[in-house]
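The chain is numbered in sequence order, starting from 1. Keep in mind that the numbers below use all heavy atoms, side chains included, and drop hydrogens, waters and symmetry copies. Both counts, for ligands and for their atoms, begin at 1 and track the order of listing. What you are looking at is a predicted structure, and each value in this text was computed from that prediction instead of being measured.
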Amino acid sequence: MSYRIETNCVQAGWEPKDGEPRILPIYQSTTYKYDSAATIGEIFDLKADGHTYSRLSNPTVAGLEEKVNALEGGVAALGTASGQSANFFAVFNIASAGDNFVAFTSIYGGSVNLFAVTFKRMGIEVRFATPQMSDEEVEALFDERTRCVFGETIANPALNVFDIERYAGIAHKHNVPLIVDNTFATPILLKPFEYGADIITHSMTKYMDGSAAVMGGMIVDSGNFDWEAAGKYPELTEPDDSYHGVVYTRDFGKAAYITKARVQLMRDLGPTLSAQAAFQFYLGIDSLAVRMERHSENAMKAAEFLSAHPKVESVNFPLLPTSDQYELAKKYLTKGCCGVVSFVVKGGREKAMNFMNALNMIDIVVHVADARSCILHPASTTHRQLTDAQLEAAGIQPGMVRFSVGIENIEDILEDLTQAFDKI
Ligand SMILES: Cc1ncc(COP(=O)(O)O)c(C=O)c1O
């Protein structure tokens with residue numbers, strides 16, 4: 001039965017059999033009992049389905065994976081302990097020392113670090129592209145060792161809207177998949193597979209949870225990328241010696257990429273999503289569709305208010321007609337643009353800090369994308385490790401404030417902003 005996305009938020013995933021709990025249970029167990037040693041052997045050989053050890057899989061985590069997979073319209077999904085580990089796995093699953101990949105500069109600062117510093121230590125080179133580059137300039141970054149293209153559907157915090165169709169076209173021309181981080185948009189506002197993306201990642205920590213209570217990540221595969229035809233992914237198309245010769249594409253078809261990430265990377269590196277966290281995400285997603293609608297509506301009103309405020313230098317919100325992202329936003333974000341608005345307070349870094357300190361209800365926290373309105377100064381927090389040039393490339397000015405508009409009554413939000421501006 002196929003339902004619309006709002007219905008899938010509450011109905012997809014766990015399907016109880018006769019007499020089973022209606023709500024996905026928390027299977028708080030590291031291990032699973034079988035009557036026969038032979039059955040466990042079959043599961044270990046990946047010839048039979050089943051759980052053996054919770055580092056690799058757990059029924060509660062599987063319920064969540066199925067739900068997110070249904071929302072994104074993929075073939076398989078893998079939960080991880082954080083968004084960072086999801087992005088790490090998404091690239092590392094198909095890149096080894098000596099390989100490179102193309103990533104866009106307007107992405108989360110933690111991803112910039114992971115790609116530019118940690119991947120470099122592993123011998124994997126990131127080649128940064130900017131949204132301003134022509135197709136030819138982006139294509140000039142590719143060579144025979146390029147393994148994927150990576151972008152964020154709505155960039156944190158610059159809020160650039162990623163032109164998925166355009167970059168999927170370039171990636172596919174060079175026989176590599178397009179990976180997109182869909183954390184801010186969530187599948188409620190944007191479904192990247194419909195525009196040609198091949199793999200989606202999430203920091204579940206954000207809107208998927210919605211309460212700022214749990215950490216987690218997710219990778220979803222569309223199953224559309226043809227690893228065999230691309231001819232450059234031996235880790236998927238040739239025997240895996242670390243798993244007694246399994247050939248992922250031959251043995252798992254469209255689920256090859258996720259199966260490899262699970263049985264090889266999760267086995268060896270182990271950033272497992274816990275059953276407790278999976279359960280909380282599962283409940284959080286019940287309200288995702290209504291929350292995203294309210295977040296988007298409140299953010300639009302806040303962006304309009306800020307645009308008209310004399311103490312604000314500029315406002316960045318893709319659905320404002322004045323935004324340079326407006327055309328892309330109209331194409332990709334027809335249902336709204338999530339709750340994140342960034343703006344620059346007149347007077348630079350110090351005035352921005354004073355404004356934040358003067359807020360009452362809106363908290364200063366290192367977080368974004370949850371039900372409570374919150375605010376942060378990217379240049380001195382999430383993006384602190386970036387050089388001035390990297391900050392500029394990520395679209396971050398010293399006076400920029402990232403405002404995550406919650407689902408409170410918009411009048412309370414605007415009143416708090418007003419009184420804080422009055423104090424500076
Ligand atoms: C777009 C995006 N991707 C990935 C991450 C990393 O996720 P996590 O904090 O769950 O590790 C974040 C965190 O803010 C993010 O905003």
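- Using a 30° and 60° split on the angle between ring planes, Trp227 and Tyr233 fall in the perpendicular class, above 60°.
- Ring planes of Phe162 and Phe104: perpendicular class, angle over 60° (limits at 30 and 60°).
- The side-chain contact (heavy atoms from CB on, under 4.5 Å) search around Arg267 returns Arg55, Leu56, Ser242, Tyr243, Gln264, not counting sequence neighbours.
- Every residue two or more places apart in sequence or in another chain that forms a salt bridge (charged side-chain N to carboxylate O under 4.0 Å, His left out) with Glu125 is listed here: Arg127.
- Ring planes of His172 and Phe225: tilted class, angle from 30 to 60°.
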Dump all N/O pairs between ligand 1 and the protein below 3.5 Å as a table: atom names plus distance, one pair per row.
| residue | atom | partner | partner atom | Å |
| --- | --- | --- | --- | --- |
| ligand 1 | 3 (N) | Asp181 | OD2 | 2.6 |
| ligand 1 | 7 (O) | Ser203 | OG | 3.0 |
| ligand 1 | 10 (O) | Gly83 | N | 2.9 |
| ligand 1 | 10 (O) | Ser203 | OG | 2.8 |
| ligand 1 | 10 (O) | Thr205 | OG1 | 2.6 |
| ligand 1 | 11 (O) | Gly83 | N | 3.1 |
| ligand 1 | 11 (O) | Gln84 | N | 2.9 |
| ligand 1 | 14 (O) | Lys206 | NZ | 2.8 |
| ligand 1 | 16 (O) | Asn156 | ND2 | 2.8 |

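- Applying the side-chain contact (heavy atoms from CB on, under 4.5 Å) rule to Ala155 yields the partners Ser106, Glu152, Asn160; only residues at least two apart in sequence or on another chain are considered.
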